[in-house]
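Everything below concerns the one structure shown next.
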Amino acid sequence: MTRLEAVRSRIAPARARLLAHPLYARMASLDDVRVFMRSHVFAVWDFMSLLKRLQRDLTCVTVPWVPVGDAEVRFLINEIVCGEESDVDPRGGRIAHFDLYLRAMHEAGTDTSAVDKALASVRAGGSTAAALVSAGVSSGAAAFSGATFALATNGKSHEVAAAFTFGREDLIPDMFTELVTRLSREYPGKLDTFRYYLERHIEVDGGHHGAISLRMVELLCGADDRKWSEAAEASVAAIESRIALWDAILAELA
């Protein structure tokens, strides 16, 4: 068994619980999707902090520029950043995945006030912890993003990379995408962008970017058994945190 296969084996039980979570079967209406989006948007936001932490660690983002680390790792992380910050929207224009998600929320008639306030607080110099509190973010989303921001700030590079790779990629099952596709037909013009976001996320992040991320974990952990163990633990923690977020959203729907 390779080290990557060992990590996959370690996270398999938690990943199976997440993919079989009762939240997916419970969601049936446009209002349910709106509830989901109000919390899930924070997972889309904090994802970028994991990515930017990796870019800071693995490439040079300061002046004067100096070569940092391994050229292949630099290529891997910069390609992911480019895709996440400058993907294509349904009309062929350039857009970040987070901005695409906000557009989808507006199109669906979903309240964005909490995430708008949190972003404004951070832009004004506030901490993410303070922003999540002052913006009135739901407890489930606040706990999830709080854990993510803590990892992005204090975690080791290989732990961040593992959580990014195994805790974020390919974790929305086909049944959820099918639900959104059905609802977009029932409510024309309300969920088209959200459906596009999900399809694009699966296509890019779960495909090409997923392969790039796996290679990044391999390069960062190398032959160090301790790093591989810590990477596995960080991956499990990320998935368990997502399960807790799904639990919280399910409770809102009850």
Side-chain angles (χ1 to χ4, degrees), residues 1-26 40 43-44 46-51 53-55 57-58 69-70 72-73 75-77 79-80 83-84 140 143-178 198-199 201-250:
M1 180 182 294
T2 68
R3 287 184 169 94
L4 276 178
E5 289 170 343
V7 173
R8 285 197 175 102
S9 178
R10 175 72 178 82
I11 68 174
R15 189 176 188 277
R17 285 169 48 224
L18 178 61
L19 293 177
H21 197 282
L23 171 65
Y24 305 116
R26 170 62 180 80
H40 184 241
V44 180
D46 64 32
F47 170 87
M48 290 304 299
S49 288
L50 292 177
L51 179 56
R53 162 64 192 279
L54 291 170
Q55 187 181 35
D57 287 358
L58 305 177
D70 181 271
E72 185 171 3
V73 174
F75 173 79
L76 297 178
I77 197 66
E79 183 168 339
I80 295 173
E84 292 293 336
F144 179 86
S145 286
T148 303
F149 288 128
L151 176 64
T153 301
N154 303 314
K156 301 172 184 176
S157 294
H158 56 279
E159 292 174 327
V160 176
F164 178 90
T165 299
F166 295 105
R168 296 292 180 136
E169 305 295 348
D170 192 28
L171 291 179
I172 294 180
D174 291 342
M175 64 179 294
F176 183 74
T177 305
E178 290 170 4
L198 292 172
E199 291 170 349
H201 179 81
I202 292 169
E203 177 186 353
V204 176
D205 295 343
H208 182 51
H209 284 183
I212 291 174
S213 299
L214 290 171
R215 179 60 179 152
M216 178 174 58
V217 173
E218 285 185 312
L219 290 169
L220 285 173
C221 291
D224 190 323
D225 289 337
R226 177 185 56 81
K227 287 184 177 180
W228 280 106
S229 178
E230 291 173 343
E233 290 301 319
S235 301
V236 171
I239 296 172
E240 292 288 355
S241 183
R242 181 66 68 102
I243 291 171
L245 175 61
W246 273 197
D247 288 344
I249 296 173
L250 181 62

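Computation of the quantities below employed the complete heavy-atom set of this structure, encompassing side-chain atoms and omitting hydrogens, waters and symmetry-equivalent molecules.
Nearest heavy atoms, Gly140 versus Ala248: CA-CB, 3.7 Å. Scanning both residues, Ala152 and Ser49, for their nearest heavy atoms gives CB-O, 3.9 Å. Across all their heavy atoms, Ala163 and Leu151 have their closest contact at CB-CD2, 3.5 Å. Residue Pro22 comes nearest to Leu250 through the heavy atom pair CG-CD2, 3.8 Å, listed as atom of the first residue, atom of the second, then distance.
The salt bridge (Lys or Arg N to Asp or Glu O under 4.0 Å) check on Asp225 picks up Arg3, with sequence neighbours excluded. The salt bridge (Lys or Arg N to Asp or Glu O under 4.0 Å) search around Asp224 returns Arg226, not counting sequence neighbours. Partners of Ala161 according to the side-chain contact (heavy atoms from CB on, under 4.5 Å) rule, which considers only residues two or more places apart in sequence or in another chain, are Leu54, Met216, Val217, Leu220. For Arg215, the side-chain contact (heavy atoms from CB on, under 4.5 Å) test picks out Glu72, Leu76, Glu218, Leu219, with sequence neighbours left out. Take Glu159 and apply the salt bridge (Lys or Arg N to Asp or Glu O under 4.0 Å) test, not counting sequence neighbours, and it matches no residue.
Between Ser157 atom OG and Lys227 atom NZ the span is 8.0 Å, to the nearest 0.5 Å. For the atom pair CZ of Arg10 and CD1 of Ile239, the computed distance is 9.5 Å after rounding to the nearest 0.5 Å. Of the inter-residue distances, the one linking Thr177 atom OG1 with Tyr24 atom OH reads 9.5 Å to the nearest 0.5 angstrom. Taking OG of Ser145 as the start and CG of Leu245 as the end, the distance is 8.0 Å to the nearest 0.5 Å. Phe149 contributes atom CZ, which lies 14.0 Å from atom CZ of Arg53 (distance to the nearest 0.5 angstrom).
Two residues are said to be in side-chain contact when any heavy atoms from C-beta on lie closer than 4.5 Å; Glu84 and Phe47 meet this criterion. Considering only heavy atoms from C-beta on, Thr148 stays 4.5 Å or farther from Ser241 through its side chain.
Side chain of Trp228 to main chain of Gly222: a donor-acceptor pair is present (N/O by atom type, distance under 3.5 Å, no hydrogens or angles).
The one candidate from Ile80, Leu51, Ile77 that meets the side chain to side chain contact (heavy atoms under 4.5 Å, CB included) condition with Ser213 is Ile80.
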Apply side chain to side chain contact (heavy atoms under 4.5 Å, CB included) to Phe166 and Leu214, showing your working. CA-CA 8 Å; Phe166 295 105; Leu214 290 171; 3.6 Å; yes
Where do Asp46 and Arg168 land on the side chain to side chain contact (heavy atoms under 4.5 Å, CB included) test, with the steps shown first? CA-CA 11 Å; Asp46 64 32; Arg168 296 292 180 136; 2.6 Å; yes
Please evaluate residues Phe176 and Leu23 with respect to the criterion side chain to side chain contact (heavy atoms under 4.5 Å, CB included), reporting the C-alpha separation (whole Å), side-chain torsions for both, the decisive distance (0.1 Å), and the verdict. CA-CA 9 Å; Phe176 183 74; Leu23 171 65; over 6 Å; no
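Pairs passing the salt bridge (charged side-chain N to carboxylate O under 4.0 Å, His left out) check and including a residue from residues 236-248, sequence neighbours excluded, read Arg17-Glu240.
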